[in-house]
Amino acid sequence: MAGIKIKRNDKVEVIAGKDKGKQGRVLRVIAEKNRVLVEGVMMVKKHMKPNPQKNIKGGIAEQESTIHVSNVMLLDGEGKKTRVGSRLEGDTKVRFSKASGTTIAEKKKQSK
């Protein structure tokens with residue numbers, strides 16, 4: 001079984017399900033369950049209890065839920081849907097777009 005080829009901060013489009021056609025940034029990848037959390041996709045209502053210690057007001061909150069990785073497709077630099085491959089360039093392994101053949105740039109880690 002191949003690993004998940006989609007990484008955090010990638011821009012993806014939903015290709016199946018009730019949110020088909022929506023685009024968003026990957027917030028989290030859960031590799032053990034083959035699921036991804038995409039910004040603004042698969043919104044669910046969650047009932048929250050008030051918690052003054054954590055400054056949570058309570059009520060009904062909307063938040064993203066995970067979506068199966070097979071239901072999303074990576075968007076390349078031009079914003080077109082593409083499958084992902086990997087190849088060696090020199091001594092480093094890079095991801096590339098199968099549609100255009102261009103390499104997918106790795107996002108730099110954001111320092112806090």
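Follow the hydrophobic side-chain contacts under 4.5 Å out from Val38 and you never reach Leu75; the two are in separate clusters.
Within the 4.5 Å cutoff, side-chain heavy atoms of Asp76 are placed close to those of Ser100. At least one side-chain heavy atom of Leu27 sits under 4.5 Å from a side-chain heavy atom of Arg25. In this structure, Ile104 and Leu74 have side chains that are in contact, with non-hydrogen atoms separated by less than 4.5 Å.
Salt-bridge formation is detected for the pair Asp19/Lys22: a Lys NZ or Arg NE/NH1/NH2 atom is positioned less than 4.0 Å from an Asp or Glu carboxylate oxygen.
Taken to the nearest 0.5 Å, the OG1 atom of Thr82 stands 11.0 Å off from the CZ atom of Arg95. The line from NZ of Lys46 to OG of Ser65 is 10.0 Å long, rounded to the nearest 0.5 Å. Between Gln63 atom CD and Met48 atom CE the span is 6.5 Å, to the nearest 0.5 Å. Here the CD1-NE2 distance, from Ile30 to His68, works out to 11.5 Å after rounding to the nearest 0.5 Å. The distance from atom CG of Asn34 to atom OG1 of Thr66, rounded to the nearest 0.5 Å, is 11.0 Å.
In this view, Arg28 satisfies the salt bridge (charged side-chain N to carboxylate O under 4.0 Å, His left out) rule with no residue, not counting sequence neighbours.
Minimum heavy-atom separation, Ala99 to Lys81: CB-O, 4.4 Å. Minimum heavy-atom separation, Ile6 to Val69: CD1-CG2, 4.2 Å. In terms of heavy atoms, Val29 sits closest to Lys7 at CG2-C, 4.0 Å.
Looking only at distances, a side-chain donor or acceptor of Glu64 sits under 3.5 Å from a matching main-chain atom of Gly40.
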*Do Val41 and Ile67 pass the side chain to side chain contact (heavy atoms under 4.5 Å, CB included) test, and can you show the C-alpha distance, the side-chain angles, and the key distance before you say yes or no?*
CA-CA 8 Å; Val41 172; Ile67 186 169; 4.3 Å; yes

